[in-house]
Amino acid sequence: MLLRMSTLFLRTLRDDPADAEVPSHRLLVRGGYIRRVAPGIYSWLPLGIAVLANIEKVVREEMASIGSQEVHFPALIPREIFQASGRWADYGDSLFRLADRKGNDYLLGPTHEELFTLLVKGEYSSYKDYPLSLYQIQTKYRDEARPRAGVLRGREFIMKDSYSFDLTDEGLQQSYQAHRDAYERIFSRLGFDYRIVFAVSGAMGGSASEEFLAPTPSGEDTFVQCTNCDYAANTEAVEIVGPPAAEDSAGSSQPASVVLDTPDTPTIATLVDCLNGLDWAAYGQDGRQFAAADTLKNVVLKTRQPGADKWELLVVGVPGDREVDLKRLAGQLEPVEVVQADEKDLAAEPGLVKGYIGPQLLAELKVRYLVDPLVVEGSAWVTGANEPGKHAAFVVRGRDFDPDGEIGAVEIRDGDRCARCGSPLQIARGIELGHVFQLGRKFAEAFGLTALGPDGKPVTITMGSYGVGITRAVAALAEQTYDEAGLVWPRAVAPADVQVVPTGKDVAAVAEAERIAAELVSLGVRVLLDDRKASPGVKFKDAELLGVPTILVVGRGLDDGVVELRDRKSGERRDVPVGDAVSAAHAEVTGG
RNA sequence: CGGGGUGUAGCGCAGCUUGGUAGCGCACUCGCUUUGGGAGCGAGGGGCCGCAGGUUCAAAUCCUGUCACCCCGACCA
């Protein structure tokens, strides 16, 4: 393959686009890979298409290697299909909806579980047909509340999604493992630095669920890794351990709880200041100093059962130096919805005094109360006294209040302790490249996907669901590999193997570059030839911006019978005799 | 949904305070020179100044409304 820059549909930009913040967005636009059309919607230009095609090729090969077969569904889907699964309503504003000329409702598919399931249901009916794995590479549409970072979170994006269909749980395990292995090969081949982390299983329920994350500061997902063992998890799914339970779990060594006047202390910071101004001698704790971590903060939320109209209040108790992580809570409460309660909700329950809520009364008020595991049995706290301007001290869990249960609610911090081995966890950001999870039978049950077993009885199929963000992978790779000068593609995805750059006005250089390019092409090397009439500076800058892994400069060295071979990633340059140029470049490409 | 910001040529920006022929850099076209780190000189093409209404002899500029887009936050009790 020979691409000539003189005719390539490409215009590089000298300035960063004003709306681009993250490096991948900036560089993909500057390098002429993508152009913005609307928020979260991008056009792909020839170089971008080349990168996409390379990624898809790797994905197809690895899907084939586990026996998954490619299909292709429409993006335009009639409403009835999504209504059957309940997602016409559940998806809410994230769904692109439209109507045809007759007024029938359609949607642009945000994902294709329904169509996969229905297709299989329509074709297969015997246990002899299974197991089965199907996949597609398809454009998805999600009307994101806030698209960002170019192609990292778009409203239109390409995704490889696949599903496994098995008769048994063991079969699902095997299908899941096969996909997981295939994903490891895919991301390794593409040149990613990635981590596999535990994840929440998402809207469809199900059990085992793991994400493939590319660690990078621009990532939208936060995950933790244990500094000691191999535990890693998305913060939405992470489990941490609290301090060991107090030996005195009845709290008998603590002073009896006492209500204090703490005027104008609606926030934790003002409360701590106030506490430290009080005299604690009377309680046998002379000179006692308090910190935010000694207070118990009670956050009012509300939950709603799926399909229900009514919201119910839920109060969650966490140490005062911690924030509540709503996403993490939502992951555990799934499919129950959870959101923060507003002023109106609080007003509806007069027992809850904003800013001074304590757990002592909650049982009486019949408000459900859960605490984070950091609030251990027997621990003593300063918390609200359920009266304006008053707090209570020495409030002991197990003595003065009993929560209805525990739930991991706090925002995870660097240094929190691993639930497996107790070692400190490290926190980092990453981009979700892929997700594998065991869907189970919920979906098949909803659509009646069964197979007739050998005994003549129907068996409900169990499914696995697996996704790879193709367009996102382009941006994620750019994020992980770029440098000051521009993009630096790993070989497997680069739009070309070698960029041949003739410089100078000497026609001999151009002729020599043409010859070398032609010979490389004949060896199967993909060559980008900069045959433009531009100055050397322009050509060098563009070559570095575009990120082709090997750059071959044919110019002034020709007088001495050499050309210059540059490695884009390391910046290493070396002269090679003209006669060896082709073999040297070829060796770079093949890794020889 | 809340907060902040921006809409002027394909891209990046100035002009707006104090109304008076719409500008600069890059990119693009032509000519000459130049060719190892985003060349120089000269001559050009390209604009609904987001949209609508108002004030005015006159609006990119002032007023009102509206739309779009970008960034941050979707929690601090």
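We name chains A, B, ... by the order of the sequence lines, and we start the count at 1 in each one.
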Measure from [atom1] on [X] to [atom2] on [N] and round the result to the nearest Å.
| X | N | atom1 | atom2 | value |
| --- | --- | --- | --- | --- |
| A/Asp531 | B/U35 | CG | P | 20 Å |
| A/Leu152 | B/C70 | CG | P | 15 Å |
| A/Asp15 | B/G12 | CG | C1' | 4 Å |
| A/Phe540 | B/U35 | CZ | C1' | 10 Å |
| A/Leu301 | B/A77 | CG | P | 14 Å |
| A/Lys541 | B/A27 | NZ | C1' | 18 Å |
| A/Asp559 | B/G36 | CG | P | 11 Å |
| A/Leu13 | B/A9 | CG | P | 15 Å |

The side chain of [X] is closest to which nucleotide in this list: [options]?
| X | options | answer |
| --- | --- | --- |
| A/Arg11 | B/A27, B/C11, B/C75 | B/A27 |
| A/Thr503 | B/C75, B/A39, B/G36 | B/G36 |
| A/Arg573 | B/C70, B/G12, B/G37 | B/G37 |

Report which part of the nucleic acid [X] touches: base, sugar-phosphate, or nothing (heavy-atom distance under 4.0 Å, all strands).
| X | answer |
| --- | --- |
| A/Glu564 | base |
| A/Ala38 | nothing |
| A/Val29 | nothing |

Is there a side-chain contact between A/Val553 and A/Val563, using heavy atoms and a 4.5 Å cut-off?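 Side chain of A/Val553 against side chain of A/Val563, heavy atoms only: no contact under 4.5 Å found.
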
Is A/Trp381 close to A/Thr295 at the side-chain level, that is, under 4.5 Å between some pair of heavy atoms?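 No; the side chains remain at least 4.5 Å from each other.
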
Does a side-chain N or O of A/Ser535 approach OP1 or OP2 of B/A39 to a distance below 4.0 Å, or not?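 Yes, within the criterion.
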
If you compare every side-chain N and O of A/Arg14 against the phosphate oxygens of B/A27 (OP1, OP2), does one of them come in below 4.0 Å?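 Affirmative; the distance criterion is met.
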
When the [atom1] atoms of [M] and [N] are compared, how many Å lie between them, rounded to an integer?
| N | M | atom1 | value |
| --- | --- | --- | --- |
| B/G15 | B/G54 | C1' | 24 Å |
| B/C49 | B/A68 | C1' | 15 Å |
| B/G25 | B/A9 | P | 16 Å |
| B/G45 | B/G19 | P | 31 Å |
| B/C70 | B/G65 | P | 24 Å |
| B/U29 | B/C69 | P | 33 Å |

[X] (side chain) and [N] (base): donor-acceptor pair under 3.5 Å:
| X | N | value |
| --- | --- | --- |
| A/Asp542 | B/G38 | yes |
| A/Glu544 | B/G38 | no |
| A/Arg30 | B/G38 | yes |
| A/Arg26 | B/G12 | no |

Do [X] and [Y] get their side chains close enough for a donor-acceptor pair, meaning under 3.5 Å?
| X | Y | answer |
| --- | --- | --- |
| A/Asn298 | A/Thr383 | yes |
| A/Tyr369 | A/Asp402 | no |
| A/Gln480 | A/Thr216 | no |

Counting only Watson-Crick or G-U wobble pairs whose two distances fall under 3.5 Å, which nucleotide matches [N]?
| N | result |
| --- | --- |
| B/A77 | none |
| B/C32 | B/G40 |
| B/C62 | B/G54 |
| B/A9 | none |
| B/G2 | B/C72 |
| B/G47 | none |

In terms of the nearest nucleotide of RNA chain B, which residue is placed more toward the 5' end: A/Ala149 or A/Gly504?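 The residue closer to the strand's 5' end, by nearest nucleotide, is A/Gly504.
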
Comparing A/Arg566 and A/Gly150 on RNA chain B - which has the more 5′ nearest nucleotide: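 Checking each residue's closest nucleotide, the 5'-ward one belongs to A/Arg566.
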
So, do A/His25 and A/Tyr42 have ring centers that fall under 6.0 Å from each other?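 Yes, they do, as the ring centres are separated by less than 6.0 Å.
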
Should we say atom CZ of A/Arg368 is surrounded by more than 12 heavy atoms from elsewhere, each under 6.0 Å from it?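 Check fails, neighbour count at 12 or below.
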
